[in-house]
Amino acid sequence: ALPVWLRARLGGQPFVYDAHELFTEVPEVVARPAVQRVWRWVEGFIVPRAQLAYTVGPALARVFAQRYGRPFAVVRNVSRLRDDDILPPAPSALPGTTAPTDGYILYQGALNVGRGIENLLDAMPQVAGRLVICGEGDLSEALRQRAQNLGLLASGKVEFRGFVLPEALREVTRHAAVGVMLLENIGLSYYYSLANKFFDYVHAGIPQVLIDFPEYRALNDDFDVAELVTDLAPATLATALNRLLRDEPTRYLRLATNCRRAAPQLSWQHEERVLLGLWQELVPVTKRL
């Protein structure tokens, strides 16, 4: 941020602050107070000097605005919706049936501290389904050992697929039955996050189990695409997953249908217009003749 600001100033060019997250509050920074103080100073120096500032969600925009007394626009981190993204409803997902019998619970993302994966593994012996995990991270080895100790690998209840290329991950997501996004409240960046996997699950037309944090609750109030959980206790997760996978088929179908309705609004086709509008005010673009 500092060299980019300096380069913009020396070149007489506009300086824009694009905040993908509240970096000074991520767990890796919060756990190191001296490092956090340095980054807070950088943030406090940079943000007020930006001619344009935006972030990925309304809650983070309010936090930045309260800290620095300046407006923050919102451009959500959403992938582009493709014509073939959402599969038609499977025959097994009709009223009076359960979720797709060949589907699975999907976790996609980094295997790092604060993602709730340990709790999810502990819940799996009580869940009527299997779990597919796509990604690697600091906890990769520990999570595999935990799954082995629980007998989840031998029974086929959990499958670690490691790193998956984006196009392949898209297919994995489309054929899942339920997605999960289970962050822990270990920093304001996580608490006010708006993970792009939320939108990936919506685009795939699959219901999800979400932690009840502000951004997810606000979106779910508008679109009703997920089961929200207030804690990550294994019993809580098992109940929520079983509700979708087995116990309330009409609820599953309603959420899946809502995903298909919400996808066009929760897409990059919508957000790019917001982004271009912000930049048009800062750097007007003349149409080519």
Side-chain angles (χ1 to χ4, degrees), residues 78 81 85-109 115-117 119-134 152 157-159 170-184 193-267:
V78 191
L81 182 66
D85 266 330
I86 299 179
L87 294 173
S92 56
L94 297 175
T97 66
T98 58
T101 55
D102 58 345
Y104 38 80
I105 303 159
L106 174 64
Y107 171 85
Q108 54 163 279
R115 305 301 178 99
I117 311 171
N119 305 65
L120 181 58
L121 291 176
D122 291 346
M124 284 308 297
Q126 286 77 49
V127 175
R130 64 188 182 96
L131 170 65
V132 171
I133 297 176
C134 295
L152 299 172
K157 291 279 287 185
V158 172
E159 177 185 355
R170 177 173 167 269
E171 286 301 308
V172 172
T173 305
R174 292 174 75 209
H175 291 88
V178 175
V180 292
M181 209 297 300
L182 304 170
L183 291 176
E184 299 176 38
S193 70
L194 186 52
N196 52 357
K197 65 169 66 70
F198 171 89
F199 303 105
D200 291 341
Y201 296 147
V202 171
H203 287 188
I206 62 171
Q208 49 191 302
V209 172
L210 293 174
I211 187 65
D212 189 4
F213 285 175
E215 293 287 18
Y216 306 114
R217 171 161 286 281
L219 282 170
N220 206 52
D221 285 346
D222 289 338
F223 298 104
D224 192 23
V225 295
E227 285 289 311
L228 298 180
V229 293
T230 56
D231 64 79
L232 299 183
T236 302
L237 300 182
T239 298
L241 289 166
N242 284 333
R243 183 182 184 192
L244 295 180
L245 292 167
R246 180 192 64 198
D247 298 337
E248 298 189 25
T250 55
R251 172 68 173 159
Y252 180 91
L253 179 64
R254 184 165 66 253
L255 296 185
T257 301
N258 290 344
C259 286
R260 291 167 170 81
R261 293 172 178 166
Q265 299 178 62
L266 302 176
S267 66

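This is a predicted model, so every value here is computed, not measured. These numbers come from the heavy atoms of this one structure, side chains and all, not from hydrogens, waters or symmetry mates.
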Flag the pair [X] / [Y] as yes when at least one side-chain heavy-atom distance between them is below 4.5 Å, and no otherwise.
X	Y	answer
Ile206	Val178	no
Leu182	Ile117	no
Cys134	Val172	yes
Leu183	Arg115	yes
Val132	Tyr107	no
Ile133	Leu121	yes
Met181	Phe198	no
Leu228	Arg217	yes

For this session: Please assess Asp231 against Thr236 for the test side chain to side chain donor-acceptor pair (under 3.5 Å), listing each intermediate value before the final yes or no.
Result: CA-CA 7 Å; Asp231 64 79; Thr236 302; 2.8 Å; yes
Exercise. Between Phe199 and Leu194, is a side chain to side chain contact (heavy atoms under 4.5 Å, CB included) present by the stated rule, with each step listed?
Worked result: CA-CA 9 Å; Phe199 303 105; Leu194 186 52; 3.8 Å; yes
Exercise. Would His203 and Val78 satisfy side chain to side chain contact (heavy atoms under 4.5 Å, CB included), going step by step from the backbone distance to the final call?
Worked result: CA-CA 10 Å; His203 287 188; Val78 191; 4.0 Å; yes
Seminar exercise, completed: Per side-chain contact (heavy atoms from CB on, under 4.5 Å), Ile105 is matched among Lys157, Arg130, Met124 by Met124
Problem set entry | Arg254/Thr257 under side chain to side chain contact (heavy atoms under 4.5 Å, CB included): CA gap, chis, key distance, verdict | CA-CA 5 Å; Arg254 184 165 66 253; Thr257 301; 5.8 Å; no
Just how far is it from atom [atom1] of [X] to atom [atom2] of [Y], taken to the nearest 0.5 Å?
X	Y	atom1	atom2	answer
Leu131	Leu106	CG	CG	8.0 Å
Leu253	Glu248	CG	CD	13.0 Å
Phe213	Glu184	CZ	CD	8.5 Å
Tyr104	Glu159	OH	CD	8.5 Å

Can you name the nearest heavy-atom pair linking [X] to [Y], along with the distance?
X	Y	value
Asn220	Ala226	OD1-N, 2.9 Å
Gly205	Cys259	CA-CB, 3.7 Å
Gly116	Leu232	CA-CD1, 4.0 Å
Leu81	Ser267	CB-CB, 3.8 Å
Ala177	Tyr252	O-OH, 2.8 Å
Asn242	Ala128	OD1-N, 2.8 Å

Exercise. Under the 3.5 angstrom rule, does the side chain of Tyr216 hit a backbone N or O of Ala195 as a donor-acceptor pair?
Worked result: yes
For this session: State which residues pass salt bridge (charged side-chain N to carboxylate O under 4.0 Å, His left out) with Glu227; sequence neighbours excluded, sorted by chain then number.
Result: Arg243, Arg251
For this session: In sequence, state the C-alpha distance, the side-chain angles, and the governing distance for Val209 and Val229, and then conclude on side chain to side chain contact (heavy atoms under 4.5 Å, CB included).
Result: CA-CA 7 Å; Val209 172; Val229 293; 4.0 Å; yes
For this session: Under the side chain to side chain donor-acceptor pair (under 3.5 Å) rule, what do Ser193 and Glu215 come out as? Steps first, then yes or no, please.
Result: CA-CA 7 Å; Ser193 70; Glu215 293 287 18; over 6 Å; no
